[in-house]
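Take a look at the structure below.
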Protein chains: 2
Amino acid sequence: MRENQTPVESCSCDVIHQNVVDRVKPLMPKEEALYDLAELFKVFGDTTRIRILWALDASEMCVCDIAFLLNMTQSAISHQLRVLKQAQLVRGRKDGKIVFYSLEDEHVRQIFDQGLVHIHEM
Amino acid sequence: MRENQTPVESCSCDVIHQNVVDRVKPLMPKEEALYDLAELFKVFGDTTRIRILWALDASEMCVCDIAFLLNMTQSAISHQLRVLKQAQLVRGRKDGKIVFYSLEDEHVRQIFDQGLVHIHEM
DNA sequence: ATTATATATGAACACATGTTCACATGAGCC
DNA sequence: GGCTCATGTGAACATGTGTTCATATATAAT
């Protein structure tokens, strides 16, 4: 019985460098970590969410402020804030009718910075 | 004449904190930078591409090796490699019939690490 | 209570995206 | 040349995603 490998390989060509594959295979992280990583970056992969995060990095803001700042509907912002909240990137603080959103931690800024380094904007 | 602001605001609610908006607005980067940033993270936002990048971080590999390692078709890998190449994350080195791919630079690893820090995998 | 306002949310829609399939390209080999 | 193999690519398809619209919820004000 194999452990966690599907028996049928769907690659349509011969393996050229079996030694390379054998060396890299054990270095691959478990599927779950890679999935979580992709899910996180997926959240960053939208202009609206990037703009929200950038704005919140400057200041705590309520939904209405963000919508006005970004010139978008309150509904659209609210939907995206939910995505950001689920990814634990932002946090909501309720004060009466108003909900003030802010960044959950400082990782956001650091991830931004690494991205900016790559696109030569830093 | 306004500069770069659309005249009609699509926010459906009143602005609560005009001072906050006025303070944050000039801190927002230009639209292009935010777009590029989102595009970059979008590339990272897919499990297949993450796996390819991780594999290439371990070793230079040809298309066929990657396909075999990840148990996917050569075509799927080839399509994704094109996306990664366009984002300047990987580079191809042709040697006869075989094309060896490797990471373009070390930014990939750093972006990965920041992501892993956030999801508490590091 | 009634009304107004800030936010949340479900459904619908248009659009983007990843994989597959079939086939093209291009390089070595006979 | 003709053949084989590694890779690239366009079209089709199913699935995922972001916004809008209508409406629900919750809190404050009257």
In whole angstrom, what separates [X]'s [atom1] from [N]'s [atom2]?
X	N	atom1	atom2	value
A:Arg93	C:dA8	CZ	P	14 Å
B:Met72	C:dG18	CE	C1'	8 Å
B:Gln86	C:dG18	CD	C1'	15 Å
A:Ile77	C:dA8	CD1	C1'	14 Å
A:Asp46	C:dC15	CG	C1'	13 Å
B:Tyr35	D:dG18	OH	P	14 Å
B:Phe68	D:dA6	CZ	P	13 Å
A:Asp65	C:dT5	CG	C1'	14 Å

### Side chain to side chain, B:Asp105 and B:Gln88, heavy atoms closer than 4.5 Å
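In short, these two side chains do not touch, never coming nearer than 4.5 Å.
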
Report yes if at least one side-chain N or O of [X] is closer than 4.0 Å to OP1 or OP2 of [N]; otherwise report no.
X	N	value
B:Gln80	C:dT19	yes
A:Thr73	D:dT19	no
A:Tyr101	C:dA8	yes

### Query
Taking atom types as they are modelled, is there a donor-acceptor pair under 3.5 Å from the base of C:dA8 to the side chain of A:Gln74?
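Answer yes: a donor N or O sits under 3.5 Å from an acceptor.
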
### Message
Under the rule for side chain to side chain contact (heavy atoms under 4.5 Å, CB included), what residues qualify as partners of B:Val99, not counting sequence neighbours?
### Response
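Applying side chain to side chain contact (heavy atoms under 4.5 Å, CB included) to B:Val99 gives B:Lys94, B:Tyr101.
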
### side chain to side chain contact (heavy atoms under 4.5 Å, CB included) partners for B:Asp95, two or more places apart
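Here the qualifying residues are B:Arg93, B:Phe100.
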
### Query
In terms of ring plane angle, is the pair A:His118 and A:His120 parallel, tilted or perpendicular, where the classes change at 30° and 60°?
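Aromatic pair A:His118/A:His120 classed parallel.
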
### Query
Parallel, tilted or perpendicular: which describes the rings of A:Phe41 and B:Phe44, with under 30° parallel and over 60° perpendicular?
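It falls in the tilted class, 30° to 60°.
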
#### Entry: Whether B:Arg91 side chain and B:Glu104 backbone form a donor-acceptor pair below 3.5 Å
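A pair under 3.5 Å: yes.
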
### Query
For the side chain of B:Arg49 and the backbone of B:Lys42, is there at least one donor-acceptor N/O pair under 3.5 Å apart?
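Looks like yes, one N/O pair under 3.5 Å.
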
### Query
Rounded to the nearest 0.5 Å, what separation is found between the CD1 atom of B:Ile66 and the CD atom of B:Gln80?
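If we round to the nearest 0.5 Å, B:Ile66:CD1 and B:Gln80:CD are 11.5 Å apart.
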
### Point-to-point distance, once rounded to the nearest 0.5 Å, from CG of B:Asp65 to NE2 of A:His17
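Interatomic distance, B:Asp65 CG to A:His17 NE2, rounded to 0.5 Å: 6.0 Å.
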
### Task
Please list, by residue number, the residues of residues 47-63 of chain A whose heavy atoms come closer than 4.0 Å to an atom of DNA chain C; answer none if no residue qualifies.
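By residue number: A:Cys62, A:Val63.
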
### Task
From the options B:Ile111, B:Ile52, B:Val43, select the one residue that forms a side chain to side chain contact (heavy atoms under 4.5 Å, CB included) with B:Leu89.
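Between B:Leu89 and the candidates, side chain to side chain contact (heavy atoms under 4.5 Å, CB included) is satisfied uniquely by B:Val43.
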
### Query
Hey, which of these two, A:Ala76 or B:Cys64, hits DNA chain D nearer its 5' end, going by closest nucleotide?
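Nearest nucleotide further toward 5': that of B:Cys64.
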
Tabulate atom names and distances for all N/O pairs under 3.5 angstrom spanning the protein and nucleotides 10-16 of chain D.
{"residue": "D:dG10", "atom": "O6", "partner": "B:His79", "partner atom": "NE2", "Å": "2.8"}

### Heavy-atom pair of closest approach, residues B:Ser59 and A:Val20
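Closest pair (atom of B:Ser59, atom of A:Val20, distance): OG-CG1, 3.7 Å.
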
### salt bridge (Lys or Arg N to Asp or Glu O under 4.0 Å) involving B:Asp57 - partner list, sequence neighbours excluded
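Testing B:Asp57 for salt bridge (Lys or Arg N to Asp or Glu O under 4.0 Å), a comparison that skips the adjacent residues, returns B:Arg109.
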
### Message
Please encode protein proximity along nucleotides 24-30 of chain D as a string of B, S and -, counting only heavy-atom distances under 4.0 Å.
### Response
--SBS--

